[in-house]
Amino acid sequence: MPELPEVETIRRGLSERILQTRIEKVIIRWPGAVEDWEGHPFTETITGLGFESIERRGKYLLINLEGGWSIIAHMRMTGRLIYHSQEREPEKHTHVVLKLSQGEVHFSDTRKFGRLQLVKTGERMNVPSIAKLGPEPLSEEFTPEELAKRLKPRKINIKAALLDQTLVAGIGNIYADEALFRARILPERPANSLKKEEVEKLHEAIQEVLAEGIAAKGTSFRDYQDATGEKGSFQKQLKVYSRGGEPCTCCNETLERIKLGGRTTVYCSKCQK
DNA sequence: CAGTACGCCTGGATGC
DNA sequence: TGCATCCAGGCGTACT
């Protein structure tokens with residue numbers, strides 16, 4: 001599941017490979033994967049344009065093209081954006097192929113939740129899904145004080161709060177569970193019940209797990225692959241996610257597996273308070 | 001603001 | 001072996 005570290009890894013991989021190229025042809029194999037911009041059709045608008053830069057905001061990739069156009073890409077659960085230096089037959093779930101002046105990019109998504117959305121570059125930060133995102137957790141504006149301020153009015157449990165993209169951007173189910181374990185905080189705790197020291201620990205834990213996730217080129221639990229089709233390795237460092245019923249790496253207690261906000265949550269009832 | 005449910009999807013795991 | 005059912009879950013939207 002591409003969360004911040006996975007999307008950042010894709011951003012870096014694509015940036016190294018496609019910034020000097022131009023889109024020569026667009027092949028849409030499943031129209032549901034793309035969204036036009038106010039009467040400007042996806043294919044016709046981007047054909048012929050070169051790439052200028054690739055940014056990331058939360059779990060969104062912002063691919064900036066020439067001519068004032070951008071593509072906002074979201075992988076959701078199973079999306080992939082993979083660069084091939086040679087021409088390659090699309091796979092079963094490849095929905096869009098961008099033929100470039102050198103190589104090609106395939107957008108594939110088994111579950112068809114992901115989207116490529118055409119927007120004006122000047123409007124990219126104003127589209128609702130991007131505009132409402134909370135701070136970037138690895139940026140300077142994301143301080144312990146900022147996190148505390150944002151948690152204070154929230155009565156929901158801290159796990160659900162971390163998954164709320166308007167509170168802080170980019171954290172998904174994997175890194176939320178890992179950050180809470182590292183900060184030794186129970187996921188059921190109301191967000192506004194965290195003491196100052198706990199918020200500071202959580203802030204540090206969030207930054208650590210995300211940075212380590214990026215360093216490991218992401219978590220390839222099921223479907224995730226980077227921009228070249230390689231798997232990440234952070235799944236080897238997971239302490240709680242997907243380990244329900246297994247012993248805690250710290251105290252050997254059996255890890256609990258519950259549902260919070262409709263999502264599977266794993267934690268250690270002995271280590272986390 | 002909280003919470004819940006639903007829709008979007010397929011494949012792998014599980015149950016019979 | 002084959003078929004039915006469950007589960008994984010990010011996010012937008014609707015409704016209470």
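Residue numbers start from 1 in every chain, and the chains themselves are labelled A, B, ... in the order their sequence lines are given, proteins ahead of strands.
The line from OG of A/S70 to CD1 of A/I46 is 11.0 Å long, rounded to the nearest 0.5 Å.
Between A/H74 and A/F113, the ring centre distance reaches or exceeds 6.0 Å.
Side-chain proximity of A/R154 to B/dG11, C/dG9, B/dA2: nearest is B/dA2. When distances run from any side-chain atom of A/R76 to the nucleotides C/dC11, B/dG3, C/dG9, the shortest one goes to C/dC11. Minimum atom distance to the side chain of A/K59 is reached by C/dC11, of the listed C/dA8, B/dA2, C/dC11. For A/Y241, whose side chain is taken as the heavy atoms from C-beta onward, the closest listed nucleotide among C/dG9, B/dC9, B/dT10 is C/dG9. Closest contact between the side chain of A/K112 and the listed nucleotides C/dG10, B/dC9, C/dA8 involves B/dC9. Listed candidates were C/dG9, C/dC11, B/dT10. Nearest to the side chain of A/T264 is C/dG9.
Overall bending of the helix from B/dA2-C/dT16 to B/dC16-C/dG2, expressed as the angle between end axes built from five pairs apiece, is 50° (10° steps).
Contact of A/R111 with C/dA8 (side chain to base): a donor-acceptor pair of N or O atoms is detected under 3.5 Å.
Residues from residues 124-136 of chain A that place a heavy atom under 4.0 Å from any atom of DNA chain C, listed by number: A/S129, A/K132.
Rounded to whole Å, the distance from CG on A/L162 to P on C/dG10 is 12 Å.
Between A/H74 and C/dC11 there is a side-chain N or O to OP1 or OP2 distance below 4.0 Å. Contact between the side-chain N/O atoms of A/T78 and the OP1/OP2 oxygens of B/dT10 is not found at any separation under 4.0 Å.
Screening residues 61-88 of chain A for salt bridge (charged side-chain N to carboxylate O under 4.0 Å, His left out) gives A/E87-A/K99 as the qualifying pairs, with residues at least two apart or on separate chains.
Stacking between A/F113 and the base of C/dC11 is absent under the criterion of ring centres within 5.5 Å and planes under 30 degrees.
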